[in-house]
Structures are given as structure tokens and as C-alpha cells.
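Following: one structure in C-alpha cells, then a few remarks.
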Amino acid sequence: MKFSIIPFSLLLASGAAFAPVQQQRHPRHSALSMAETLEAPPMAPLTQWGDKISNIRQLQQAMRQTPLPEFAPEVSAQDLGIAGDAAAQLQYFQENAMELKKKMQLHGALVFRDFELMKSQDGFQQFYQAVGMKTCLDPLHSVSARPTVDGQKNSPVYEAVNKESRKNFFIGMHNEFVGTRAPRAAAFVCFKAAETGGEFIIADGRRMFCDLDADLVEELYNREIRYSVMELPFFGWIDNLPGPIQEPAMGVVRGIVSAAINAKVDFDVEMLWGAGGYDNTKMLQARAPSQPPIVVHPTTNEPTWFCNVHSHSSKLRKDRESIYGAERFEDGASQINKSDMFFGDDGQISDEQLKHMDEVTLKNARFVKMREGDVVLLDNYKTMHGRNVFDGTRKHGVAWFEGWEGEEEMKAELQEKMAITA
């Protein structure tokens, strides 16, 4: 069988293999809107792992004995007496900006309800600007182009996963990060709620850390974790080559693919041979560097679960498919964008361990049925997010933040308030 590397190289160069969503076409904008040049936000900041934890078991035990604040309290415009008054709502955010950011840090997230202001993209941007949040590019920027809500390049408000083709795909709980980059915070907004389902889901990483089995936490932390970020199932033809040249061919192909992918992304990717599919087709799997599943929070110094096993585990996704049905793939990019998680030394995580992590995640998951104008402002290190399956039309957006005004000033206060005695 002949194999052409040219189409494959073009696919890799497009970054499609890493894309969680398909690039969408948008209607033409007016001459005025197209003439406006938006300045690109800065790149998402580098992930802050924090200092190495010397005794993770002892720290977990101390954390279990530490009272935790309420997770993700609601802030209602109705309760504040400013429902229906967008100007008063903007003034509220301006006057209470620092207090709201402290609450986001203390509680992990805030859920804003009944606000007229955030029903439009302009109002949503006024909201987070008034609070003093500093936007950054989507962390996927180096490997893929996530669509923006208004279709404009460099727009700071991105589409959430709203595609009808993915409505029965339960998006597992995760912190947003790609390779070496992770936003410090995010704001998720509802412009149109799905007719059925589509809840935004959040979970407290601190409570996750407390609730997980101590032996598993220790093993995961000491061995670290590693993600497979992509599978390329295009190499069954190698099995048809004469035996003596199969291994050299695999070496050449692995080298070409590795060079192409590492030239595209800003983190090291290792290509490993494996087999997959119903016929065990030879494939290349791209694995990211190992990392800790628990981090020390960059502002409050609290330990928090920072691990995407719920969204990345191949087994957990397949288990959910038995409930919700398989995702309807539209293109090759969707089919190769398959992830998995392993121990940092490439060892397999057992089904029993995955089941336990799934149960603890769902125990801590909170389903937030958002209405038009509702916003969830969250700390990306403390709070995981996901999305339920849905029917109908769903229009949610997200803005990512590299940080916020006054972050340095609040560090000392919050570190003292959230101190844990191990």
C-alpha cells in the first residue's frame, strides 16, 4: 500500500488534531465592524504548579480537618434590588470589584443570577472589565482556533461547546489548560439556554482533594500523571510491509510526525506506538510531559485537585457513551482528538482507581442551570468545569483571564485566612 505524507503533514500543520471544536463559519460583518481592528489579548499565562509538597498524605489529613468555605455562592440582582437596571448593575460591579474577586478566591466561584447587563456580549465585557479581570487568549491558541462568539479575530469572548453535533457528549470535569499554559480564571456566560439540559457543571478542587482515597492520592502525586492528547490511527499499512523493514519504517514515521507536531505546539510531545480500534490498527499516540495532579494554589497556597482524568480518561468517556450515546463525529479531526490519562511513568491507571475518581468527582459536581445573562466567575485552579448533554439550541460563551487587578494585594490577606496547619 502506498502512503502519502503530504496530506498528513497538512493535517498536522493545521492543528486540527488538537481541536476540541470545529472552526465555524460566521456571517459577514458590516464594513464598520470589519474595519475595527481588535488588539490580540496576551497569551494565557504559564501554569503555576507551586512548590513540591513534601508529605501529600499528611497535608490531605490536615486539609480534611480544615473547615472549607461554601462553594460557589450565588449573587442575585433581585436580592440586591437592582434587577432590570443595567446601569445600576454596572455600578454595583465597579463599586464592589475587589470584594467580588476576594469572594471568587475564597469560595472558588461565584454564580451571578438575574442580571440584565450580561445578556449581550458588550454587557458581558463591561461586567468583567468593571470587576477588573485581565483577559488572555484561549489556552488552545497555539494549537487550534476556537471560534469567537461574534466571529471576529482577537475577540476576547469565545464560543463554549454549543454544537448540535456534540449535544449528547457529556463534557467531563476539567481545569482549563493546554500543555504549559493555564488561565488563572474564567467567566462563563449564558446568552441562550438550551431547551433541555445543557447545565454548566462545576466542582471544588479542594473538596476533591479531601475526598479522594489517601493511598490513591499518594500514588498519583508521587508517580505524577501524564495525558495522551491525540491518537493518529493511520498506520495499519505498516503491518503490510515486509517484516524486516517494518521497524525502520516505524522509526521514520515516528520521527516525521514528532517533528511536525512539536513544531506546532509550545510544549514537548512524545509520540508512542500503540494499537486501537476494533481491529487493533497501528496508531501513534501523542503524550504530554508528566505533571502533578495536585497543585499549590498561586494566590492562597491551598492544595487543590488539578487533574483532568474525568474528561481525559478513555474508559470514563466510554462508560458515559453507554448512557448518553456516542458522539456524532463530523470530521477526521474529531476522530483523532482522543485523549487518555496514565501515571507519569506511563503505567496504566486501574479501572477501580478510575471508578473511584469518577464517583468522587460526581459527588462534588454541581449542576448550574444558567439562564440568559447568568455568569459563573471561577478560579481555574480551584474549580473544575464541564457541561451536561442537551437538546435544542445552546449559546454560551467564555472569557479567559490571565489574572486580575489587585491580585498581589490580596495574597497576604487570603493566605493568612486560608492557612492550613499540617
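- A donor-acceptor contact closer than 3.5 angstrom links the side chains of R317 and S339.
- Remark: K369 NZ is packed, more than 12 non-hydrogen atoms of other residues, nucleotides or ligands lying under 6.0 Å away.
- Salt bridge status for D215 with R57: present, with a side-chain N to carboxylate O gap under 4.0 Å.
- Residues satisfying the ring pair (Phe, Tyr, Trp, His ring centres under 6.0 Å) test with H174, not counting sequence neighbours, are H385.
- For E70, the CD atom is densely surrounded, since the number of other residues' heavy atoms within 6.0 Å is greater than 12.
- Not a single side-chain hydrogen bond (donor to acceptor under 3.5 Å, both in side chains) links R387 to another residue, sequence neighbours left out.
- Checked options W404, F112, F401; the residue passing with Y128 is F401 (criterion: ring-ring contact (aromatic ring centres under 6.0 Å, His included)).
- Residue D358 holds its CG atom at 6.5 Å from CZ of R320, rounded to the nearest 0.5 Å.
- The number of heavy-atom neighbours closer than 6.0 Å to NZ of K318, taken from other residues, nucleotides and ligands shown, is 12 or below.
- Under the 4.0 Å criterion applied to side-chain N and carboxylate O atoms, R287 and E270 are not assigned as salt-bridge partners.
- Using a cutoff of 4.0 Å between basic side-chain nitrogens and carboxylate oxygens, E359 and K363 are not scored as salt-bridged.
- The structure places OG of S228 at 6.0 Å from CG of D340, a figure rounded to the nearest 0.5 Å.
- Between W400 and F188, the two ring planes are perpendicular [angle over 60°; tilted spans 30° to 60°].
- In this structure, F115 has its ring center under 6.0 Å from that of F93.
- Using a 4.0 Å cut-off between a side-chain N of Lys or Arg and a carboxylate O of Asp or Glu, K315 and D319 qualify as a salt bridge.
- For the side-chain contact (heavy atoms from CB on, under 4.5 Å) test, residues two or more places apart in sequence or in another chain that qualify with D391 are K167, T196.
- Note on K382 versus D204: no salt bridge recorded, every NZ/NE/NH1/NH2 to OD/OE distance being 4.0 Å or above.
- Atom CG of N96 and atom NZ of K101 lie 11.5 Å apart (nearest 0.5 Å).
- For the pair E176 (side chain) and P139 (backbone), a donor-acceptor distance under 3.5 Å is absent.
- In this structure, D345 does not pair ionically with R226, as no charged nitrogen and carboxylate oxygen lie closer than 4.0 Å.
- Between F306 and F177, the distance from one ring center to the other falls under 6.0 angstrom.
- When the side-chain contact (heavy atoms from CB on, under 4.5 Å) test is applied to V389, the partners found at least two apart in sequence or on another chain are F170, Y324.
- Salt-bridge formation is not detected for the pair E199/R371: no Lys NZ or Arg NE/NH1/NH2 atom is positioned less than 4.0 Å from an Asp or Glu carboxylate oxygen.
- With N308 contributing its side chain and N175 its backbone, the two residues share a donor-acceptor pair below 3.5 Å.
- Remark: K192 engages E195, E372, T393, K395 in a side-chain contact (heavy atoms from CB on, under 4.5 Å) (not counting sequence neighbours).
- Defined by atom type and a distance below 3.5 Å, a donor-acceptor pair is present between the side-chain atoms of E407 and T299.
- The number of heavy atoms from other shown groups lying within 6.0 Å of CG (D51) does not exceed 12.
- More than 12 heavy atoms of other shown residues, nucleotides or ligands fall within 6.0 angstrom of atom CD in Q65.
- Interatomic distance, CG of N380 versus CZ of R184, reported as 8.5 Å (0.5 Å rounding).
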For this session: Apply side-chain contact (heavy atoms from CB on, under 4.5 Å) to the pair T148 and E159, showing each step before the final yes or no.
Result: CA-CA 5 Å; T148 57; E159 286 268 5; over 6 Å; no
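- Scored by the side-chain contact (heavy atoms from CB on, under 4.5 Å) test, Q348 finds F342 as partners (sequence neighbours excluded).
- Classification of E74 and R366 as a salt-bridged pair holds, one side-chain N sitting under 4.0 Å from a carboxylate O.
- Put simply, CE on M341 and NE2 on H312 are 9.5 Å apart, with the number rounded to the nearest 0.5 Å.
- Judged purely by atom type and a 3.5 angstrom limit, T383 uses its side chain to pair as donor or acceptor with the backbone of G108.
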